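What follows is a set of notes on a single structure, which appears directly below.
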Amino acid sequence: MQIEEFIRSTISEGFAELFNASIDAANIRLEATNPDFKGDLTFVTFPYLKISKKNPEQTASDLGNYLRERVEQLKDFNVVKGFLNLELSESYWLDRIRFYQPAILKKNTGRVMVEYSSPNTNKPLHLGHVRNNLLGYSVSEILKYSGYDVTRVNLVNDRGIHICKSMLAWKTWGNNETPESAGMKGDHLVGKYYVEFDRHYKEEIDTLVAGGMAKEKAEKEAPLMKQAQDMLRKWEAGDKETIELWEMMNTWVFAGFRQTYERLGVEFEQTYLESNTYLLGKDIVEEGLEKGVFYKKEDGSVWIDLTADGLDEKLVRRADGTSVYMTQDLGTAEMKYQDFQCEKSIYVVGNEQDYHFKVLFLILKKLGRKWAEGCYHLSYGMVDLPSGKMKSREGTVVDADDLMDEMEETAKIKTEELGKTEGMTDKEKTHLYRALGLGALKFYMLKVDPQKRMLFDPNESIDLQGDTGPFVQYTYARIHSMLRVARQEELNKEYEVSDVRESELNLMKTLCDFEKEVLKAAALYSPSVIANYALNVAKAFNRVYNDVSFLKEHEDEKRKFRLQLALKTSQSIHMLLDMLGMECPERM
RNA sequence: GGUCCCGUAGCUCAGUUGGAUAGAGCAACAGAUUUCUAAUCUGUGGGUCAGGGGUUCGAAUCCCUUCGGGAUCACCA
C-alpha cells in the first residue's frame with residue numbers, strides 16, 4: 001500500500017520536473033498490471049498527454065526513467081503503447097510476505113445490523129431460503145473481518161393468513177398428527193398441511209368455477225378461504241383455542257428450523273417475531289401526518305405521495321386503521337435502531353421486494369431518520385429450477401434439508417471412491433462428508449453475484465472438482481498434511497532467500513491482496529469477491545506445489561521459506577472460508 | 001403500459017470507480033505422478049460481450065434505442 005503512495009507522489013514530482021506540469025498525487029491512478037504483461041503496477045499516460053505535451057511512449061518512458069532513479073523497490077519498467085508498467089523487485093515482495101499476516105482487519109469501525117433468513121412459519125425452508133441464509137451469514141462474517149461490530153437479526157413471519165391455512169388444514173384433516181407420531185420434522189409436517197390446504201382449496205375453486213362463477217370471485221368465495229380468514233380474525237382477537245393451536249404448530253416449526261439452521265451453520269444474535277411487531281408503526285404514521293409527510297384520504301386511509309421521486313403513491317395505513325406491510329416495516333426499522341443503534345442496516349431480501357425497500361428507505365429519510373442513509377437492501381435473484389419457478393404450494397421445491405442430505409451423500413460417494421478415509425473414525429467421516437457437501441453447496445451459491453438469478457439443476461449434482469468449495473478445501477488439507485510432517489523448528493520466519501521462482505512470486509503477490517479483497521467484499525457486501533479470491537489463492541498455491549518441493553527441498557533456507565508460504569496460504573484460506581461459512585477439514 | 005434487474009464460450013460463471021490481445025471452471029481432446037494428498041497441475045480447440053447507435057485517445061463496463069428473459073406497480077407479507 002505504502003509503495004503505491006510513494007510512486008504516486010514521485011510521478012507527481014516527475015510531471016513537475018520533466019514536463020513542467022502539475023498534477024495532484026492523490027488523483028493519480030495506479031492499476032494492477034494486466035497479467036499478460038510484465039509488471040505489478042501500471043500507470044496509464046493517455047489522460048496526461050495534453051499536459052506532458054509528448055507522445056504516449058515518450059511520456060511513459062521519461063516517467064519510467066525518472067521513477068527508476070528514485071524508487072528503490074522498482075526493479076524495472078516497460079512501456080507498451082501508453083502504458084507504463086512498473087515491476088517491483090523480488091526483495092520488495094520478500095519483505096512484504098515476511099511481514100504479511102492475514103487477520104481480522106481494523107479498517108472499518110461502527111455497528112452494522114444484518115437482517116436475513118426471515119422465514120414464514122407455514123412451510124419448511126427451501127433452496128431460495130438457502131441462498132438467503134448463506135448470503136446473510138457470509139456478509140455478516142465479511143463485515144466482521146473488515147472490522148465492523150455486527151448484529152445478526154432474524155425477523156420471523158409467524159403470523160398471517162398463510163399460517164392460518166396450515167392450521168386450518170391440520171385441524172380439519174390432521175387427526176391430531178404430531179411430528180413425533182408422523183416421524184417428521186415439525187416444519188415439514190406443517191408444510192405438508194399447507195400443501196394439503198391448497199389442494200382442497202383448488203378443488204373448491206374448480207367446483208365453483210364449474211358452477212359458473214368467475215375464477216377471481218371463486219378464489220375469494222371458496223369456503224376454505226373464508227374459514228382461514230375467520231381463523232385469522234380469531235387469532236387477532238386472541239381467541240384461546242386458536243392461539244393454542246398456533247403456538248403448538250409454531251413450536252413444531254421452530255424446532256425444525258433450529259435443526260436446519262444448525263446444519264447450515266447460520267446464527268443470529270436476535271430473533272424478532274412478527275406476531276410481536278406487526279402492530280408497530282402506528283405512531284410513525286401519526287408522526288408522518290403531523291409532519292405533513294403523509295396525508296389522509298376521505299375514507300381515512302393514510303398515504304404518501306412519492307410521485308415527485310419517480311415512484312407511486314403508497315398506502316401506509318388502511319381506512320379501518322389497521323397496518324399494512326409498510327407500516328410494520330417502518331415500525332420495525334425504528335425499533336431495530338432503538339435496540340441496537342446500528343449506523344448501517346443491511347436487509348437480505350429477494351429482489352422481488354426491490355420496490356418495497358426503495359419506498360421504505362425513502363419514507364424513513366423523509367421522516368428525518370438520518371440513520372436511513374445507512375440502510376441497504378441486499379437484493380438477490382431467485383433460484384430457478386430447470387422446470388421453472390419453485391412453488392411451495394405446488395410442491396415443486398428443492399427442500400433445504402433434502403438438498404443438504406444429497407450434498408453430503410455426494411461428498412461421501414466421492415470421498416470413498418478416492419479411498420482417503422483410511423484410519424478415520426465414523427464420526428470423523430460423517431463430519432468430513434458434511435464439511436465437504438456443505439462446502440460445495442455454499443461455495444456454489446456464494447461465488448455468483450447475488451443480483452443474478454441462478455439456475456439450479458437438482459439432477460446435475462454440484463461439482464466437487466474445478467472451481468469449487470472442495471477444491472479450496474483440498475488445498476488446505478494438502479497443506480496441513482505437510483505441516484503435520486514438518487519439524488516445528490522449521491516453521492519460523494527466520495529464513496534467508498534471495499531468488500524465488502515465478503510461481504512462488506505469484507503466490508506471494510496473491511496472498512498480499514488479502515486486505516484489499518476483504519475490504520472490497522465488505523464495501524460491496526459481496527461474498528463472491530471472497531469466493532473468487534479464495535480460488536485464486538488456492539490456484540496460486542497448487543501451481544507452486546506442482547512446481548517445487550516443500551519438504552523435500554534440500555536447501556534449508558528455501559525449505560523454511562516455502563513452509564512459511566504454505567503456512568500463510570493455509571491461514572488465508574481458513575479465514576476466507578470462514579467468511580463463506582465453510583469448514584476447513586485437515587484431511588480429505 | 002410505468003419502474004427496476006438480468007443477457008459474456010456448448011453449460012455454469014468472473015470481469016465494479018471506462019484501459020492493453022475479454023478470463024476461469026465444467027464438458028471435449030492431448031499430456032504430467034519411482035518424489036510432500038492427481039478432489040492437483042500443464043496444454044489445445046471454443047466469443048458478433050443479445051442487436052444497433054452515441055460519448056471518449058480508449059467501451060463488456062457510461063448514455064440512448066431495439067430485442068429477449070424476469071420482477072414489481074396489492075387495503076398479501
Side-chain angles (χ1 to χ4, degrees), chain A residues 29 31 33-37 42 44-47 49-50 56 80-83 85 118 120 157 159-163 274 278 299 301 303 310-320 322-326 328-329 350-356 358-359 379 381-382 384 389 411 414-415 417-418 420 436 440 444 447-449 451-457 460 462-475 477-486 503 520 523-524 526 528-529 531-532 535-536 538-539 541-553 562-563 566 587-588:
Chain A
R29 286 184 50 198
E31 293 162 23
T33 302
N34 184 315
D36 294 341
F37 298 88
T42 294
V44 185
T45 60
F46 294 112
L49 300 180
K50 280 176 188 153
V80 182
K81 296 185 207 168
F83 297 90
N85 298 322
S118 308
N120 292 343
N157 183 2
R159 64 162 284 281
I161 191 76
H162 46 284
I163 284 122
E274 215 177 283
Y278 82 107
D299 64 358
S301 57
W303 297 73
L311 303 172
D312 304 303
E313 291 188 340
K314 189 83 189 172
L315 178 87
V316 293
R317 193 175 73 190
R318 295 191 184 102
D320 63 8
T322 56
S323 301
V324 290
Y325 182 34
M326 187 58 73
Q328 289 177 45
D329 258 12
N351 64 8
E352 69 274 12
Q353 294 198 39
D354 284 355
Y355 184 74
H356 173 76
K358 211 184 253 184
V359 172
S379 166
M382 297 204 167
D384 282 323
K389 249 178 105 165
K414 181 72 187 173
T415 308
E417 258 174 33
L418 293 169
K420 292 186 182 177
L436 293 176
Y444 176 85
K447 87 171 196 288
V448 317
D449 178 7
Q451 194 75 50
K452 294 187 177 177
R453 54 189 305 152
M454 60 189 295
L455 185 85
F456 179 82
D457 189 344
E460 232 173 80
I462 296 174
D463 282 330
L464 304 179
Q465 280 167 15
D467 284 357
T468 66
F471 168 85
V472 183
Q473 288 170 317
Y474 175 73
T475 309
R478 197 185 224 185
I479 292 172
H480 261 266
S481 80
M482 284 198 307
L483 295 179
R484 269 195 302 273
V485 201
S503 62
K520 185 177 166 194
L524 299 173
S526 178
S528 74
V529 170
N532 286 296
L535 279 177
N536 286 336
K539 280 182 190 173
F541 180 83
N542 286 330
R543 236 169 270 140
V544 177
Y545 189 88
N546 278 275
D547 187 34
V548 300
S549 293
F550 284 72
L551 296 169
K552 301 199 171 166
E553 168 60 50
R562 284 177 191 154
L563 284 171
R587 266 191 66 186
M588 62 183 274

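In what follows, chains are A, B, ... by sequence order, proteins preceding strands, each numbered from 1. Just the heavy atoms: all of them, side chains too, but no hydrogens, waters or symmetry mates, feed the values below. Small disclaimer: the values here were computed from a predicted structure and weren't measured.
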Using whole Å, what does the distance between atom [atom2] of nucleotide [N] and atom [atom1] of [X] come to?
{"X": "A/N536", "N": "B/C13", "atom1": "CG", "atom2": "P", "value": "19 Å"}
{"X": "A/E352", "N": "B/G69", "atom1": "CD", "atom2": "C1'", "value": "17 Å"}
{"X": "A/L535", "N": "B/G23", "atom1": "CG", "atom2": "P", "value": "18 Å"}
{"X": "A/R478", "N": "B/U40", "atom1": "CZ", "atom2": "P", "value": "8 Å"}
{"X": "A/N546", "N": "B/U42", "atom1": "CG", "atom2": "C1'", "value": "9 Å"}

- Item | Ring-base stacking, A/F83 with B/A20 (5.5 Å, 30° cut-offs) | yes
- Per-pair stack call A/F471 and B/A39, 5.5 Å, 30°: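 The base of B/A39 is not stacked with A/F471 (the test needs centres under 5.5 Å and planes under 30°).
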What's the closest nucleotide to the side chain of [X] if the choices are [options]?
{"X": "A/S549", "options": "B/G19, B/U35, B/A20", "answer": "B/U35"}
{"X": "A/N532", "options": "B/U16, B/A14, B/C41", "answer": "B/A14"}
{"X": "A/V324", "options": "B/A20, B/C75, B/G19", "answer": "B/C75"}
{"X": "A/Y355", "options": "B/C41, B/U37, B/C73", "answer": "B/C73"}
{"X": "A/Y545", "options": "B/G25, B/C36, B/A77", "answer": "B/C36"}
{"X": "A/D467", "options": "B/A24, B/A39, B/C73", "answer": "B/A24"}

Just to verify, what does [X] make a side-chain contact (heavy atoms from CB on, under 4.5 Å) with, not counting sequence neighbours?
{"X": "A/A440", "value": "A/M407, A/I462, A/L464, A/P470"}
{"X": "A/F83", "value": "A/T42, A/V44, A/F46, A/K81, A/N85"}
{"X": "A/R318", "value": "A/L315, A/D320, A/T322, A/V324"}

With both distances under 3.5 angstrom, what nucleotide forms a Watson-Crick or G-U wobble pair with [N]?
{"N": "B/U44", "value": "B/A28"}
{"N": "B/A39", "value": "none"}
{"N": "B/A59", "value": "none"}
{"N": "B/A9", "value": "none"}
{"N": "B/G1", "value": "B/C73"}
{"N": "B/U17", "value": "none"}

What distance, rounded to whole Å, do you find between the two [atom1] atoms, one in [N] and one in [M]?
{"N": "B/C4", "M": "B/G45", "atom1": "P", "result": "43 Å"}
{"N": "B/U44", "M": "B/G25", "atom1": "P", "result": "12 Å"}
{"N": "B/G58", "M": "B/G19", "atom1": "P", "result": "14 Å"}

For [N] and [X] - does any side-chain N or O of the residue sit under 4.0 Å from the phosphate oxygens OP1/OP2?
{"X": "A/K539", "N": "B/C41", "value": "no"}
{"X": "A/S481", "N": "B/C36", "value": "no"}
{"X": "A/R318", "N": "B/C76", "value": "yes"}
{"X": "A/Y325", "N": "B/A77", "value": "no"}
{"X": "A/K81", "N": "B/U21", "value": "yes"}

- Item | With A/F471 via ring pair (Phe, Tyr, Trp, His ring centres under 6.0 Å) - residues at least two apart |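 Testing A/F471 for ring pair (Phe, Tyr, Trp, His ring centres under 6.0 Å), a comparison that skips the adjacent residues, returns none.
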For the side chain of [X] and the base of [N], is some donor closer than 3.5 Å to an acceptor across the two?
{"X": "A/N85", "N": "B/A20", "answer": "yes"}
{"X": "A/T42", "N": "B/A20", "answer": "yes"}
{"X": "A/K552", "N": "B/U35", "answer": "no"}
{"X": "A/D299", "N": "B/C75", "answer": "yes"}
{"X": "A/T415", "N": "B/A39", "answer": "yes"}

Give me the distances for all protein-to-nucleotides 4-7 of chain B N/O pairs that come in under 3.5 Å?
from : atom 1 : to     : atom 2 : distance (Å)
B/G7 : OP1    : A/K452 : NZ     : 3.2

Show each protein N/O and nucleotides 59-61 of chain B N/O combination with a separation under 3.5 Å, one pair to a line.
none

- Select from A/F37 and A/N542 the residue whose nearest nucleotide in RNA chain B is closer to the 5' end of that strand.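 Result: A/F37.
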- Pair A/Y355 and A/Y325, ring centroids less than 6.0 Å apart: no
